[in-house]
Amino acid sequence: MPELPEVETVMRGLRARLEGRVLARVRVGRPDLRWPFPAGLGQRLTGARVTGFRRRAKYILMRLDRGESLLLHLGMSGRMLIAPEQAGDPALHEHLSLHTDDGWRVGFVDPRRFGSVDLVPTEAEDAHKLLAGLGPEPLEAAFDAVALSAALRGRNTPIKAALLDQRTVAGLGNIYVCEALFRARLSPQRGADSVAGARAGRLVPAIKAVLTDAIAAGGSSLRDYVQPDGELGYFQHAWQVYGRAGETCGAACPGPPGCVGIRRIVQSGRSSFYCPRRQR
DNA sequence: CAAGAATCCTGTCAGC
DNA sequence: TGCTGACAGGATTCTT
């Protein structure tokens, strides 16, 4: 999926186009993504004014002036399309289309349909079932070495799996976990418990830095993903290990002799990329 | 309770 | 060119 930096980028794009606008017309396409759409979604959105946006983990919350917020998750392949009204027919796999009072269409496109859409009372957003169990936001001050250590201590799983677990810290996905572990020089196979303490002191700034850098770059453009305005994020050019099996890990690495290059392994069914020489 | 596997779905790409 | 299998940003649900 779009991970935290991509979701943040999408949320900002939606805010720029939708904040203050009225949803003059709503088209519901196929009404079942991961779960069925909430009852009466179209009517509950139509005529509402968009008052603001918020991101929590990989979720987007679009607040309406009727006391409800639209909760969006992009899954693996979800993206938001923003186009002038006259641009015509819904795109392939466009499951929800919001038409604004100033002539724009915002579409939720998701071929794999792992994404989700729900409505939640605005005053109780964080009590939503999907948000209630999430760990801390990685870019907030409360996410520090002490907090991460507490979350990792005693856990009998690789650090890679622990960081993908959204209860540990919310918003990381496969790419940015790989990149953060590289920056912190920690092997994805290292036990989570052994990262609690001093190593968490290295890992927390690495996580914050990679996310901050990626947001500044407009996220990474993946196969199925572009920013809402159609621009391409360019952080994928800054990946140091993800998708680079066999390459050397860059200028910081002395390279041969003894360099085996970036290795791809599979952990809990997902690819991990790391440099066995630099990451321990 | 915790950890790993299976699962949902469509599209793309490498290899034959 | 067409077929097949592996793989893809996620996270819940099911098994162990």
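Proteins come first, then strands; the chains are lettered A, B, ... in the order of their sequence lines, and each starts at number 1.
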Task: Donor-acceptor side-chain pairing of A/R155 and A/T168 below 3.5 angstrom - done: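 The criterion, which ignores hydrogens and geometry beyond distance, is satisfied for A/T168 and A/R155.
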TODO: Answer with yes or no whether the side chains of A/R27 and A/S97 bring together a donor and an acceptor at under 3.5 Å.
DONE: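 On atom types as modelled, these side chains qualify, holding a pair under 3.5 Å.
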Open item on the list: Both distances below 3.5 Å, Watson-Crick or wobble geometry, any strand: find the nucleotide opposite C/dT4.
Closed with: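 Base-paired to B/dA14.
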Task: Euclidean distance, atom CG of residue A/D165 to atom C1' of B/dA3 [Å, nearest integer] - done: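 Atom CG in A/D165 sits about 10 Å away from atom C1' in B/dA3.
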Task: Option passing salt bridge (charged side-chain N to carboxylate O under 4.0 Å, His left out) with A/E137 (candidates A/R56, A/K208, A/K58) - done: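 Output: one option passes, namely A/R56.
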- [ ] Take the protein atom CD of A/Q267 and the nucleotide atom P of C/dC7, then report the distance between them rounded to whole Å.
- [x]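 Taking atom P of C/dC7 as the reference, CD of A/Q267 is at 15 Å.
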Open item on the list: For a quick check of understanding: with a heavy-atom distance under 4.0 Å over all strands, which category does A/L164 fall into, base, sugar-phosphate or nothing?
Closed with: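 Nothing, no nucleic acid heavy atom in range.
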Open item on the list: Can you measure A/R270 atom CZ to C/dT12 atom C1' for me and round it to whole angstrom units?
Closed with: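 That distance rounds to 13 Å.
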- [ ] Measure from CG on A/L134 to P on C/dA11 and round the result to the nearest Å.
- [x]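 For the pair A/L134 CG and C/dA11 P, the rounded distance is 9 Å.
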Open item on the list: Ignoring hydrogens and geometry beyond distance, is the side chain of A/R112 in donor-acceptor contact with the base of B/dC9 at under 3.5 Å?
Closed with: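 Present.
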TODO: Mark this stacking check for A/F114 against C/dG10 as yes or no, applying ring centres under 5.5 Å and ring planes under 30°.
DONE: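 So A/F114 counts as stacking on the base.
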Open item on the list: Taking only the P atom of each, what is the distance from B/dC9 to C/dC3 in whole angstrom?
Closed with: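 Their P atoms lie roughly 23 Å apart.
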Open item on the list: Counting only side-chain nitrogens and oxygens, does A/R264 get under 4.0 Å of the OP1 or OP2 atom of C/dC7?
Closed with: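 Result: yes.
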Task: A/R183/A/E179 ion pair, N-O < 4.0 Å - done: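 Looking at A/R183 and A/E179, the cut-off is not met.
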Task: A/D110-A/H95 side chain donor-acceptor pair, cut-off 3.5 Å - done: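 Side-chain D/A pair, A/D110 to A/H95: absent.
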Task: Under-4.0 Å side-chain N/O to phosphate OP1/OP2 contact, A/T157 with B/dG4 - done: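 So the side-chain polar atoms of A/T157 do come within 4.0 Å of the phosphate oxygens OP1 or OP2 of B/dG4, strictly under.
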TODO: Grab the CG-C1' distance between A/L4 and C/dG10 for me, whole Å please.
DONE: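 Distance check: A/L4 CG to C/dG10 C1' gives 14 Å.
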Task: Any donor-acceptor N or O pair under 3.5 Å, side chains A/Y242, A/Q236 - done: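 A/Y242 vs A/Q236: no donor-acceptor pair found between side chains.
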- [ ] Remember a base hit wins even if backbone is also touched, and classify A/N156 as base, sugar-phosphate or nothing at under 4.0 Å, heavy atoms.
- [x]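 Result for A/N156 = sugar-phosphate.
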Task: Any A/H93 side-chain nitrogen or oxygen under 4.0 Å from OP1 or OP2 of B/dG11 - done: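 It does, given that an N or O in the side chain of A/H93 lies less than 4.0 Å from OP1 or OP2 of B/dG11.
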Open item on the list: How many whole angstroms separate atom CZ of A/F273 from atom C1' of C/dC7?
Closed with: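 Spelled out: CZ on A/F273 to C1' on C/dC7 is 10 Å.
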Open item on the list: Can you measure A/Q166 atom CD to C/dT12 atom P for me and round it to whole angstrom units?
Closed with: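 Rounding to the nearest Å, CD of A/Q166 and P of C/dT12 are 8 Å apart.
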Task: Same-atom distance (P) from C/dA11 to B/dC1, integer angstrom - done: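 To the nearest whole Å, 22 Å.
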Task: Nucleotide nearest A/Y242 when distance is taken to its side chain, options C/dG10, B/dT10, C/dA8 - done: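 It is C/dA8.
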Open item on the list: Using OP1 and OP2 only, check whether a side-chain N or O of A/H73 sits under 4.0 Å from C/dG10.
Closed with: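 For A/H73, the contact criterion (side-chain N or O under 4.0 Å from OP1 or OP2 of C/dG10) is not met.
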- [ ] Nearest whole angstrom, please: distance from the C1' of C/dT12 to the NE2 of A/H128.
- [x]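 Those two atoms, NE2 and C1', are 14 Å apart.
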Open item on the list: Tell me whether the side-chain N/O atoms of A/R34 come closer than 4.0 Å to OP1 or OP2 in C/dG10.
Closed with: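 No, A/R34 has no side-chain N/O under 4.0 Å of OP1/OP2 on C/dG10.
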Open item on the list: Side chain of A/S268, heavy atoms from C-beta onward: which of B/dA5, B/dT10, C/dT12 has the nearest atom to it?
Closed with: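 Comparing B/dA5, B/dT10, C/dT12 against the side chain of A/S268, the answer is B/dA5.
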Open item on the list: What's the closest nucleotide to the side chain of A/L130 if the choices are C/dT12, B/dG4, C/dG10?
Closed with: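 Selected nucleotide: C/dT12.
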TODO: Return no unless some side-chain N or O of A/S271 is found under 4.0 Å from OP1 or OP2 of C/dA8.
DONE: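 Indeed, a polar side-chain atom of A/S271 lies that close.
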Task: A/R167 or A/R113, whichever maps to the more 5' nucleotide of DNA chain B - done: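 On the 5' side of the pair lies A/R167.
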